[in-house]
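One is the number of the first residue; the rest follow in order along the sequence.
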Amino acid sequence: QMAVKGGYLLPGRKSLVKRETQMLSPEQAKWRLNNWKTMIRTYREKGYSYPTISRIKQEIKKTAAKKVHNNQSTFAGAANQ
């Protein structure tokens, strides 16, 4: 409470990056990378600086590189047996 009243509890860069990237699936991350110019515009409208946007992109690249578990192929394999 006191920190909020004092005005010195501001969100840090790490929390902004986490907020934008933490819950993304690999598919969503790939979509964001494919539409990166649009995402830059969106982040700038939110007031993010270019260094913060760059850090967001680094995290999105890590997420997009994660292997996607495709449940549909598992079900198709089970149906063929």
Side-chain angles (χ1 to χ4, degrees):
Q1 279 290 351
M2 291 297 291
V4 173
K5 285 183 182 178
Y8 55 87
L9 183 63
L10 299 174
R13 180 177 285 145
K14 282 188 178 181
S15 66
L16 292 174
V17 172
K18 281 185 181 180
R19 182 176 14 165
E20 294 293 340
T21 61
Q22 195 169 25
M23 299 300 290
L24 289 178
S25 70
E27 293 88 2
Q28 290 170 322
K30 287 176 188 174
W31 185 90
R32 287 188 182 203
L33 290 173
N34 290 337
N35 297 287
W36 188 244
K37 287 187 179 186
T38 305
M39 296 309 304
I40 290 174
R41 188 179 320 115
T42 302
Y43 293 139
R44 290 299 293 158
E45 287 172 359
K46 290 183 177 183
Y48 295 174
S49 66
Y50 285 109
T52 300
I53 294 171
S54 175
R55 286 176 175 86
I56 290 171
K57 187 173 185 179
Q58 289 173 0
E59 289 300 315
I60 290 175
K61 282 183 179 179
K62 289 179 189 176
T63 303
K66 290 181 183 176
K67 187 174 182 178
V68 179
H69 297 289
N70 190 350
N71 290 336
Q72 292 176 347
S73 64
T74 304
F75 292 130
N80 291 336
Q81 291 179 351

Pairing residues for Thr52 by the side-chain hydrogen bond (donor to acceptor under 3.5 Å, both in side chains) criterion, not counting sequence neighbours: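 Thr52: side-chain hydrogen bond (donor to acceptor under 3.5 Å, both in side chains) contacts with Arg13, Ser49.
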Partners passing side-chain hydrogen bond (donor to acceptor under 3.5 Å, both in side chains) against Lys46 (at least two apart in sequence or in another chain):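 Per chain and number, Lys46 pairs via side-chain hydrogen bond (donor to acceptor under 3.5 Å, both in side chains) with Glu20.
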Closest contact, heavy atoms only, Gln28 versus Met23: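 Minimum heavy-atom separation between Gln28 and Met23: OE1-O, 3.8 Å.
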Taking every non-hydrogen atom, the tightest pair across Leu33 and Ala64: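 What the structure gives for the nearest pair is CD1-CB, 3.8 Å.
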Inter-residue atom distance Tyr43.OH - Arg32.CZ, 0.5 Å rounding: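 So the gap between those two atoms works out to 4.0 Å.
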Distance (rounded to the nearest 0.5 Å) between Leu16 CG and Thr21 OG1: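 Separation between the atoms: 10.5 Å.
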Pairwise salt bridge (Lys or Arg N to Asp or Glu O under 4.0 Å) hits with a residue in residues 51-63, at least two apart: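 Qualifying pairs, neighbours excluded: Glu59-Lys62.
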Salt bridge (Lys or Arg N to Asp or Glu O under 4.0 Å) contacts in which one or both residues fall within residues 35-44, not counting sequence neighbours: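 Found none.
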Any side-chain heavy-atom pair of Ile53 and Trp36 under 4.5 Å: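 Answer yes - side chains close enough.
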